[in-house]
Each structure stands twice: as structure tokens, then as C-alpha cells.
Amino acid sequence: MIDLTTQFVGLKLKNQMVVSASPLTESVDHLRRLVEAGVAAAVRPSLFEEQLTLESEALDQDLARGTDEFPEAITYFPDLLTYNTGPAGYLELIQRAKRSVAIPVIASLNGSTSGGWIRYAKEMQQAGADAIELNLYAVETDQGRSGQEVEEGFCELVRLVKSSVHVPVIVKLSPFFSAIPHMARRLDRVKADGLVLFNRFYQPDFDIETFEVVPRLQLSQPQELLLRLHWTAIIHGHVKASLAITGGVHSAEDVLKSIMAGADVAMMTSALLENGVGHATRVLEELSHWMEEHEYESVRQMLGSMSHRAVPNPGALERGNYMRVLSSYTLRPRTWRS
Amino acid sequence: MTQKMVILDGNEAAASVAYRLSEVIAIYPITPSSPMGEFADQWMVEGQKNIWGAVPQVVEMQSEGGAAGALHGAVQTGSLGTTFTASQGLLLMIPNMYKIAGELTPAVIHVAARTVATHALSIFGDHSDAMATRQTGFALLASNSVQEAIDLAFVAHASTLESRIPFLHFFDGFRTSHEVNKVFPLSDDDLRAMVDAACVRQHRERALSPDRPVLRGSAQNPDVFFQAREAINPFYRACPAIVQDVMDRFAKQTGRSYHLFDYFGAPDAERVVVLMGSGVGAAEEAVELLAARGEKVGLLKVRLFRPFACDAFLGVLPRTAKSIAVLDRTKEPGSIGEPLYEDVITALAEAGRGAKVIGGRYGLSSKEFTPAMVKAALDELKKNQPQNHFTVGINDDVTHTSLEYDPSFSTESPKTVRALFYGLGSDGTVGANKNSIKIIGQDTPNYAQGYFVYDSKKAGSVTVSHLRFGPEPIRSSYLIDRANFVGCHQYPFLERMDMLSRAETGATFLLNAPFGPDEVWDHVPKKVQQQIIDKKLRFFVIDGYSVAKDTGMGRRINTIMQTCFFAISGILPRDEAIAAIKHAIEQTYGKRGEAVLQRNYAAVDQTLAHLHEVKVPAKATAQFDVLPPVSDRAPEFVRNVLGKIVAGEGDELPVSAMPKDGTFPTGTAQWEKRNIALEIPVWDEVLCIQCGKCVMVCPHAVIRAKVYDGALLANAPATFKSAKPRWRELESLKYTLQVAPEDCTGCALCVEICPAKSKSEVKHKAINMVAQAPLREPESKNWEFFLGLPELSRERLSLSQVKDVQLLDPLFEFSGACAGCGETPYIKLLTQLFGDRLLIANATGCSSIYGGNLPTTPYTANGQGRGPAWSNSLFEDNAEFGMGMRLAVNHQAEYARFLVERLSNQLGDQLAHGLLTADQTKESGVAAQRERVAELKRKLAGMKTSEARDLLAVADMLVRKSVWVIGGDGWAYDIGFGGLDHVLGSGANVNLLVLDTEVYSNTGGQMSKATPRGAVAKFATGGKQNSKKDLAMEAISYGSVYVARVAMGGGDMHTLKAFREAEAHNGPSLIVAYSHCIAHGYDMVYGMNQQKSAVLSGYWPLIRYNPALRAEGKNPFQLDSRAPSMALKQYAYQEARYTMLVRSNPGAAAELLREAQDDVDRQWYVYSNRAAMPGRAKREEGAAEAQPQPVVKTGAGEGDAE
């Protein structure tokens, strides 16, 4: 029997397959089906503090619009008992998920104020989240703010959240740091329990007929995995934090690559959305099959086996890799290395 | 046991009792009673129970007639039932009221008594509706205050059970229904202790039941009907004693004592006033003060008006009373006197009691009724020949009925704090004041009262809040005239209204203005400065809007101004006040989320640092003064009458100033320059493609286009813009798009629809919103100049093009509709196309309010003096009303033709022939006929015969007229559906325009049968469970009716086409027009986008059914929009009416959305199949292939909002 078990931020997982934040992890029904399909843990969609604020303000505007302007129509809507404006709905779903499935449930949080990050992290912990993923998603548009300041802000935030909760804290990173290994180390120092590589940013599109900026959300493509493999391979072994890859994990092969790069878990969403929840079962079967075929007993054997530290020519993971792609038609590695 | 006092208005007060003592509640919205139904519906959805532990069933019906029918059925079948209504609504219940009473069935109708429409509609309070039910056999019980609305609501429910006589419990609309006051509620235990359970059981035993069958409602013949009718007498005889017994038990339980008639005043009074309703409060104050001065005066309050208990009346009337003034809040033209007066006379006469009795009318349509007027009535009684059948409160200079009164007579207690607040509806002033009343009323031992006065505009409307606080119960049922505190929450009001005339000497004046304490004085108009000095006012200023901006409050300054009020007035210690305000904020906004709470708290915290007392100089030095209400150039009637109303001085207008029959001139809205837009659109003549979409969608007709001779620009103001017209044959002329800066509401619908974007900066369009203030003066000059430019001849235009229609003069302008209204663009288009020969029958509702509410009205005339003739009959009969217009037009046209034929020799055969055979299907044909009619009139003027004079009177009818019946979905889908259906089936050439907002908009958003599945509305608190009625398909089923379903934002060309085809169709036409509405819950700037989404999602397919196509062998059913290209959710979830349910009950919302999407799919399937059917000619050719093909015609909607 192949041993697929792994440890991620101190959580014992039955395999490497984690479902990342998506509509799939939104409902308890879906979660149950995912568990049946074999996934080892699930990240709930992010609670966006900004969204709560926006929704609260929008609701206020909706209810206030036109009121007290005209004697026949002092209001336009009935006064409902509740509008579920706070995080209560989110927290309740964590509770329900915990009651319904046996796998670890990771809550995800995107805050906008330091008070908000701490408050909601605590509430998530209280609701039973096994870990909290901090989704450090911010579109920095302030010209006066340097990269260093942004990084310091992130680290301070992680420190604050870490000191407020006892469950593991995972940081989901963006790929747009000048020095990703250094950033990883800084987060390691403030005791982030795990790093997730990488966030996929919302990238609005232009409609050139209407001249409008339009939201566009695309599912991840397998080729996006390469960026993740690259940086995971470089970071692996240099930080205490667990590592996870998210974005571009579509097949068993992708999971294997992720593990070999040094990720403790591989997070999948797009492939499940495209192919259905049953895809997870197939991936796990293929994973076992491959390992069997290649005579692996456990995934631990291959964890980081192709990381920067473990490959014979780490240059392939450095700048040289780029050159190689360009010139591999004519140059063999040994040739240009010498 | 009684409970802690609470703050309630009269509607909630009555509903709180009615709900708990009922099992079946049939409701229908009508102002001012709608909130009673809304509360009942909401409590049902919340699962609140009646005193027997069950949740009452609350059901909305299609009309008040329907509600009364349902009530009748429910009480006949053994349930305890109630309903709520007012005015015409109550009148619609009358037939059932006779039945319910004749069958001795316990039932209660709670009425927020309101004026019945006569020469005009009025939503305000008097007793004309309740009085119209005197003959029905219902008992009539009057509550005189908010407390009584609770207490007597109970008395009504208990008494009906015990007496078997149904009760109408009424209290004054607005004055009591909407007055907020501190009152004792009745607990469930109170109610249970007092309701006689045996009577409930007996009621059940009398119920219709197949287990003990009876027949009720027989038809009777002359032999027995009379006797049977008299058989009921013992019950009416017993009723007053039963009511008194209930009142006595009530007094024992609660300590509040009531009698059928209550006397108040000097025990040995010689002069007594008799009245009922809220006026009792003012009367009590007057009598108390006069009696304290030693005058022998008294007040007799009537509570049980029917059955009129003479003994009880005489029992409380002091034996010493020598003269009596009976005051009625209703008018019964042609009677000897009004109802209460006549009853009092009869009661005295029957008992042989001698006293001089005079009757008078007061307070019609919530006209102010003050202690001074009561004094005037009592003073009148001192005279040897007191005036009978008087009026009080107005100046009747026509029939001289009015009593003089001394406005300086005041009974206000010095212990009562009186505060006035002038705000905009949108700034939150009213909400904040309601909170203040709760704070003071519930957190302190003080009593509190609030009453709110709104103007009749829906956009930029002014609110005046009247608040009283004090240690004694507040019974002052009239507006505050001497305020200790005046808050002006909007700086521009200083120029527009005289608010300090109501300030007492030494009062406090708080102004929200964008000026500091040192600079504000120079920005106060001279007259106001003088008032501040003369009255020695303490003057405070705050820049509320900058605090609001800094704290994220936007345009809502409610909590800021509220904090100022507490800080200055000292009603509570500052810290306590702030804590209380924050507590109230949490109560009010808690459900809306943390962010909103925090924002409001921040506003409270930052207010005090910005509040400053102004050092008042000794002299008025301002360089400017208050503005005249309307332009000096306005016609005399507008200046002298409407202008007074605009200025808030309508109460001063004498009877002689008013039209006798409700007829008003049109074209008056142009004179009321409201300047409510902070930003207005500005034209970029270089970018503009002259498509005309902005002109078409402008709800207020403030963007207009003209093409004219460039030579006219010689006299143009310096900033007047023009461009080369983009019409091939008009290129030698000039084109201008002009905005009316002072009439714009700033809705920005025009900017949103504008398709022309700058190539280098896409946010810049061909029109852009820019701050109004700096543009006001130059653009006003430009607007004046623009209006003076000539119109392009209609014959040069292609009226099937939106681009050309922009050049037509709108004859509907500057209405008081909501900013961004979705209805008015359709009406405006209608007037552009057919306005000069248009008759409009308008159902009551939004369109009749913004179309016909004083002071100024939007329908206007063109340069030739022609324009829409407009009238409103009722809510329920509009289609019939319009059909009557059509019949009249047809008949007069026929008669005119008949006379033309008769007089053809004298008129000349050519003219007569031309008149009789004119083809008026095109604009040119109409113009030619007008010329013929003009010639006819010239000729007739010289003829003396009676026939010639008769023809002159009807000659204009020879020009084709267009009759349009306009109303909302409440009318068309619900209350007026029977009539609408009948008119559709009549074949009459009437055009019906349904402005479908999918909800009763005017009364505040109650569900209609047009409300879509899944939308939250009042009366559909849990989301509408059923699908929307397809009115278009119902009309199509006739086969002979022209039907279109349009959405201007989803297809403006389609809309235009439908209007023209409907008008051309010689038979009934129905246009169902999607109208975005403030009740849909989103910023209306996106209204047209939502219309487009409604079409793209398939929710609102564009269709036309043109019977004329049948003659051509074609399928008359045309589907003009493409197959759905977006999910319903994508459209619907842009609107709070849907998303509120997602927030409150996500599970139910998801299920309803699924069903609603299925509705859309199903509808599309039916429509597309129907559209794909071949025409009959084709079918006959090849019967075998006549199977419908589910092929969707595409490519219609050409030139539409793409």
C-alpha cells in the first residue's frame, strides 16, 4: 500500500490533494462530495473584509434610497429581520462544514484593516477552522508606497494574527515580490506556519467595443504550474513553513511535480470545476499508480526531490533556465555549462 | 397589566392591536393606511402570533373591493377578520360593508381617515371617507390620538364580537396615522383578559359550515325584505351599552377611561364645542386655557358616532349649555349641515333640549386646526346671531362662511420644547428626528411627539419635522408655530423659505452651511439676518457636509445634525446624549452591518468639534435677500396663486383664488426653478454624434436638441454652443444640445446612456456631469436663448428615428418624479409624438402625482398653444375613463362631420370635401386638416345659424385626436384589470400605456401581480412566490388588440416603433413599458442599463403583436429581441429587491431564482415558437408545413441601445 499521507502546517492529511478556495468549497454539500472523492483538506472561499464593508454600505444605501422623501412612500422595502451583513454567515458555514466532514477545513481571510484581520481570524478559529489562510491580496495603487513598506506591512500583519490565534496560520502569496525567497524567509521569521504559492490576481480586461474595463475571471491553465514549481523548488528547504502549490495543478503528474518541487500539498480547483469532483478520485488513483509503477512507498520519499537543493544542476532553476529554453536547440547543457 | 411606554405612530398603534385580535387580514395599499397592512404582513412573515397563539393570515387583494370581499368571506366562515384602508379604498368596501353589517357579522375595518377625491385628489386627512359609510350599518368609532388608536382599536374588536355589529374604527390620516407619540401599549395579557372568549366561540358557531349547513344571502321579495331589515333593530339598540361596557372593562384593566361621549371643560359651561378626531387635542388645549380664564366653555368629544347614543350624548352635555358649535371635518355639499351637526340637532330636538346649535367645517385635507380656531368657534357662540354653517381655518371671501380667528392665541405649554427641522428627504433628517424622539421618549421621563411634513415632489423634496418634548402628555394636534429650536439642515433653503417666522424670541437657530462661524453671517440673506437680530436668536453653524464627507456618510447628515441638536438643546447631558444617540444608531442601523455602524459613530464623534456658535452682529448687512418663489415673468395665476404655494404660503390663499372646478392651466412646472442638482450634464459638441439617446432618456426633459438657421446665433450668449448637424439634408444649419440647469435633477441617466466616448480618455463622453453652481447663470441664459430658437418643421423629420425624435418639442417637462425616473421618458416621448392632439386619462399613482400634483405641473403646450389635455379620475377606472374620452371625441367628430355635410353648400364643397375625406395618418395630413379647420372656423365665425355655432364648438374634433390611458401596474394588473380588459375587448380606439414598475411605487413598494418571482416587496416580505402575470399575452389573446412589450433601455427604436404603431392601430392598443424604479433598489443612474439587461437576459422580451399584419398574411406576433444571452441572475442580482432576499434568506432566494429562471426559459420557449409560426396565408398554402418552428427571429431591435 502506497503511503500518501503528509503533514501540512501541523495537520495530518491523508494525501496531498487539497481543494483551494472556490465555489466548490462554498457549500457543505459540495464539501461532502469532495471528501467522498478523496480530497484531504479544503480551503473555504475567502472572507473579504472589504466586501463585508462594501455590502454593509450598499445595503444601507439600498434601504435609505428614496426614504422619507414622499409622504405616501416613506420607505420602499419591508424591514427584514436580518440581512446577514457580518461574517456570521461565513462562520456558520465553517461550523457546518466541521460538523459535516472529517477533513481539515481551512478558513481563508482577506482583510483590509489590522483590526479586521485579527477579529475575523479569531472568529474563524472559534468557529472551528483547523487553520487560517491569510490571503494577502492587495492591489497597491499608491505611488508613494514602496515594495519594502508593503512587505513590512504583510509581515506585521502575519505577526499580529499569529499572536492572536493558536491554529496554524498560512500565508497565500502573490508572485510579484522582487525577492521571493527573502519574503518567504521574513514570513518564516514571523512564524507563518505555511506558505501558499501563488495567488492568482484578478486581472480585468478591456472591451474595445464599449471602451469598458470588464471583470474577467479565468480558470487556471496547466502551464501556470511552472511558475509555482519554480519558486517552490527554490524555497523548499530554506523555510520552516509548510509549502503548498496552488494554480495550474490539473493532473496527477502536476501533483507529483509539486511534491517533487517541495510542496507538502498541491491545491486544485480549476480542474475540478472543469471535470467535476470525480476528477479528484482519478488524480489520486493515477498518483498511486505512478508511484507504484515507479516503486515509491510514500510521498515523503519524493518531497522536494527536485528542489533547488536536490537537483544536480540548480542552475536550471536559476537564470540559466531561461537561456536554455532559448538555445536548447543548439546547445546541450553540458556544453554551455562548461 | 400595562407595559412600559413606547414610541409609535397611529398606524402601528392600531395595527398592533388589530393584528393580535385577528385571524384573517385582507389588505390593499392606500395612503395613509398602507403601513397598517405593511406591519401586518411583516409580522406574519416574522411569525408573530395573535393572542390565541396562531399566526394570522395576511393576504393582499387586487383592490379594496377585493379586500372587503375576502374579509366578508372570512368572517362569514367563522374567522376573526380585519382590514385597513382609507378614502376611495373605503368607498370600494361599501357594498360589502352593507352585507357584513346586514348579516350581523363581527368584523373591524381600521381607517386612517382621508379625504375622498372630488375636484382634486388629496392624500391627507379628514372624515369624508368615514362619513360616506354612515348608512352601511357599521358602527363608527373615532380615535382622537395615537394612544386612542391603540385603545379604541381594542374597543372596536371587543365590541364587534359582543354586539355582532361590525365596526369601523377611524383616526385622522397623517395627523394621527403618521404622528409619532409616546404611548402605553396593550400587552397580549391585557388583550386576553378583556376579550370575551365566549363571544368568539359563538361567532364560530354561527359560521358557514357544511357540518351544520345554513343559507345566508338569500334574495327577498317585497313581501318580507322590509320586515327582515327591521329585525336587526335590537342589536343596534344594544350596541352603545355594549361598547360602554367594554370601555369600562378596559378602564379597569388599564386605568384609561373612555366613554361614548366624553366631556371636558367647565362643569357649568354655557358654550360647548362638539367634535371628533385629532382636532380634539387642539380643542382640549383651547378649552382648558379658556376655562382656566373663567370662561364657561366645554368640549364634547365624540367617540362612538354610530350608533349615535342620544342618551349618552345628552348625559354628558352640561345642562347649562346654551349654545353649541358642532365641528365636522367633512363637507356634504347641498345638505342642511354636515353629519355630526345634524345628529346633534336631532338628538337635542328629540329630547326637547333647547340650545342654539351651529355647525361648521374645519380641517379638510389635513388643513391646520389650532386652538385659536376652536376659540373662534367658541367666541362665535357668544354672539346673538352666530354664523351657522361656518368654516374655520381658511379665508372664504366668496361665500363668506369663514370665522376670523386670532393666530396669536396660543396654548403651547412653556414646559414643552418645540423644535422644527428643515431638511431634504435624502439627507436623513426625518429618520434622525424619529430617533431623537425615541431617545427622549424612551430614555427620559419626557413625553415626545413628532410629525413630519413632506412636499409633493419625489426628487429633492423638502421635509419639515415638528418635534415636541416635555414633562406632560402632548396632545397638540397641530403644527409648531412657535419653535424654541429651528434647525436648517440645508443652506440653500435660507433663500427659498421663511423658516424663522416660526421661531420664538430667544430661540436657537442651527444652520448647516459650508461656512465657518466668522464668515457665515455674510452668507445669510438680509431678511433672515434681520429675523435673527430681531428675535434675539442664538445662532449656531456647522459644516455638516464636510463632517459627512470625512466620515464616509456621503450626503447623509442625519446623525451629525442630530448630535448638534442634542449638544445645543441640552435636553440631555452631552455624554448621556451621545451614548443615547449611539445606542439609537445601533438599534436603527445594526442590521445593516458593522461598517455602517462605525461610520455613523464616527460622524457623531466628529460633530462637536465642528459645531460653532456665531456671534450675531447688531445689523443686517447682507448684500442679497430671499428669492421670489417664481419668476416675475410668470403668468399672473402662477405668480399670485401657484407661487404662493411654492413659497409654502398656500394656507394664506383665499377661496376666491382657487379654481371652482379643479381646472388648472398647464405649462406651470417651468416656473418653479428648483435647482436641486449638484451636478448637471455639459455637452461636448465635438464628441457628440447627435444620436439623441440622451434626449430620449432624460426623465425630466431638461436635455433638448434643436436644428436651426445658423444666422440666429448672432444674438447667442457667449457660451452658447453649436455644431454642424449630422443629418445629410440639414448640414447647412446648426445643431445645439442644451441643458436646463435649474430644472435638472442631476440623475445622470443621460451621461450613462451616451455612447460617444473620447478616443484619448474613455471616461470623457459627449455629455459629462459638472458642478451646477458655477454654470447656473450662464447656462440659464443659454437655456433661455435656446427656447427662443424656432422648431424644425415636423414634416422635415423622419419620426421613426430616435435621432429625429430628439428634435420634437416635449410637452411634458420638469415633473416632480424621482431623479432618474423610468416612467417619465415614455410619457415625454408620447407627448413629443402626439402631444398636440393628445388626451390623457391617468390612473392614480406615481404618474398622476408627478403629472398633476400642485403647486406646478409638467404637462405643457407647444408654440401654437396645443398640448396634452390631462385628467385623473380614479385608480380603478382609468381604462373606462379613457374610453369615455374616446367615445366623446368620436361622437363630436361624427357630429362635426354631419354638420359639415349639412353646411357644405355654405362652406364650399371643396373645403367640406377636404374636411370629410382628409387622410390624417401622417403628420402632413394632420397639418393640412388643421389648416382646413382654421378656414372652417373663419367661415363659421361669419355665420349666424345655430348649426354654424354648433359646428364651431366641435370643429376641432375634425382633427384626429389621440386618446391615451396611462397608469402603473397596480392599476393595469390589479385594481383596474377588469376595466382594462373590458376596454381591450371593446374595440375602441384607445391606447393604453402601462408604466410597469412591477410594484405599487407611489404608495411605497407593495407587491402587485406584476411583481416578479423572487423579488422582495412590501406584502411580499419573503420574496414573491409566484410568477409575474403576462399582461401582454392576455391582451394578445383577443387577436384584435395591438400589443407591445417595450423597454426603452433595451431597444429605443423598438419603443418608438411600438408607440407609433399603437397610435396608428384603429382599435385598442396596449403597451407594457418596463419602467425602472427607485423601488427596485439600485442607483437609478443605471436604470437604462438594467432595462438592457432585462432584455438580454430574456426576462423582458421585446414583442409587438400587430393585428394589421394578419391582413398581409403575416404572423402578427413579432419577437424583437434576441435569444437570452445572459442568465437571469446576472440581471436580477443588480437590484436590491432580489438581493435583499439573498441576504436575509439565501436558501429561499436560490430556490426562487431557479424557478424564476425557469419562468424566463418557459416564456422564451412560448414566445419564440409563436413568433416562428407562419402567417395564415402561408399556412393555407402549405398546411403540411404549418408546424411551428422554434426558430428565433433575430436582428430586429435595430439601432437599439447597443
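We name chains A, B, ... by the order of the sequence lines, and we start the count at 1 in each one.
- A:Ser56 contributes a side-chain N or O that, together with a main-chain N or O of B:Arg592, makes up a donor-acceptor pair within less than 3.5 Å.
- Taking the side chain as every heavy atom from C-beta outward, A:Glu69 and B:Asp455 never approach each other to under 4.5 Å.
- Of the listed residues (B:Pro32, B:Ser1001, B:Gly428), the one with the most heavy-atom contacts under 4.5 Å to chain A is B:Ser1001.
- Proximity to chain A is absent for every atom of B:Tyr1000, based on heavy atoms less than 4.5 angstrom apart.
- Residues A:Arg65 and B:Ile1078 meet the side-chain proximity criterion, which asks for heavy atoms closer than 4.5 Å.
- How far CD of B:Glu594 is from CD of A:Glu49: 10.0 Å, rounded to the nearest 0.5 Å.
- At a threshold of 4.5 Å between non-hydrogen side-chain atoms, the residues B:Val45 and A:Pro78 do not count as touching.
- Using a 4.5 Å cut-off between heavy atoms, B:Thr463 touches chain A through its side chain atoms alone.
- Two residues are said to be in side-chain contact when any heavy atoms from C-beta on lie closer than 4.5 Å; B:Ile123 and A:Pro71 meet this criterion.
- By a heavy-atom distance cut of under 4.5 Å, not one residue of residues 18-25 of chain A is near chain B.
- Looking at B:His178, the atoms closer than 4.5 Å to chain A (heavy atoms on both sides) all sit in the side chain, from C-beta outward.
- B:Phe452 does not touch chain A: none of its heavy atoms, backbone or side chain, sits under 4.5 Å away.
- At a 4.5 Å heavy-atom cutoff, the contact between B:Arg1137 and chain A is made by backbone and side-chain atoms alike.
- Residue-environment remark: CD (A:Gln126) stays at or below the threshold of 12 foreign heavy atoms within 6.0 Å.
- Interface check for chain B: of the options A:Thr53, A:Leu80, A:Ile74, the most heavy-atom pairs under 4.5 Å are formed by A:Leu80.
- For A:Glu224, the CD atom counts as densely surrounded, since its 6.0 Å shell holds more than 12 non-hydrogen atoms of other residues, nucleotides or ligands.
- For A:Phe206, the CZ atom counts as loosely surrounded, since its 6.0 Å shell holds 12 or fewer non-hydrogen atoms of other residues, nucleotides or ligands.
- To the nearest 0.5 Å, atoms OH (B:Tyr589) and CG (A:Leu59) are separated by 12.0 Å.
- Here B:Met553 contributes atom CE and A:Glu57 contributes atom CD; the two are 10.5 Å apart, rounded to the nearest 0.5 Å.
- No side-chain donor from either of B:Lys757 and A:Thr210 sits under 3.5 Å from a side-chain acceptor of the other.
- For A:Tyr83, there are no ring-ring contact (aromatic ring centres under 6.0 Å, His included) partners two or more places apart in sequence or in a different chain.
- A:Glu55 touches chain B through backbone and side chain together, each having a heavy atom under 4.5 Å away.
- By number of non-hydrogen pairs under 4.5 angstrom with chain A, the leading residue of B:Lys457, B:Glu38, B:Arg599 is B:Arg599.
- Contacts between B:Ile30 and chain A at a heavy-atom distance below 4.5 Å are absent for every atom of the residue.
- Contact of B:Pro1146 with chain A is made through the side chain alone, with heavy-atom distances under 4.5 Å.
- The structure places OH of A:Tyr76 at 8.5 Å from NZ of B:Lys1018, a figure rounded to the nearest 0.5 Å.
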Checklist entry - Could you go step by step and tell me if B:Met1140 and A:Leu63 meet the side-chain contact (heavy atoms from CB on, under 4.5 Å) rule? => result CA-CA 10 Å; B:Met1140 277 171 76; A:Leu63 292 176; 3.7 Å; yes
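- Proximity to chain A (any heavy atom under 4.5 Å) is restricted, for B:Ala1017, to the backbone atoms N, CA, C and O.
- When side chains are defined from C-beta on, A:Thr85 does not count as touching B:Lys591, because their heavy atoms never get closer than 4.5 Å.
- Interface remark: B:Val762 contributes side-chain atoms only to the contact with chain A (heavy atom separation under 4.5 Å).
- Using a 4.5 Å heavy-atom cutoff, the side chains of B:Asn1002 and A:Phe70 are in contact.
- From B:Thr588, atom OG1 reaches atom CG of A:Asp60 across 10.5 Å, with rounding to the nearest 0.5 Å.
- A distance of 8.5 Å separates CG in A:Leu81 from OG in B:Ser1144, rounded to the nearest 0.5 Å.
- Side-chain atoms of A:Asp68 do not come within 3.5 Å of backbone N or O of B:Gly425 as any donor-acceptor pair.
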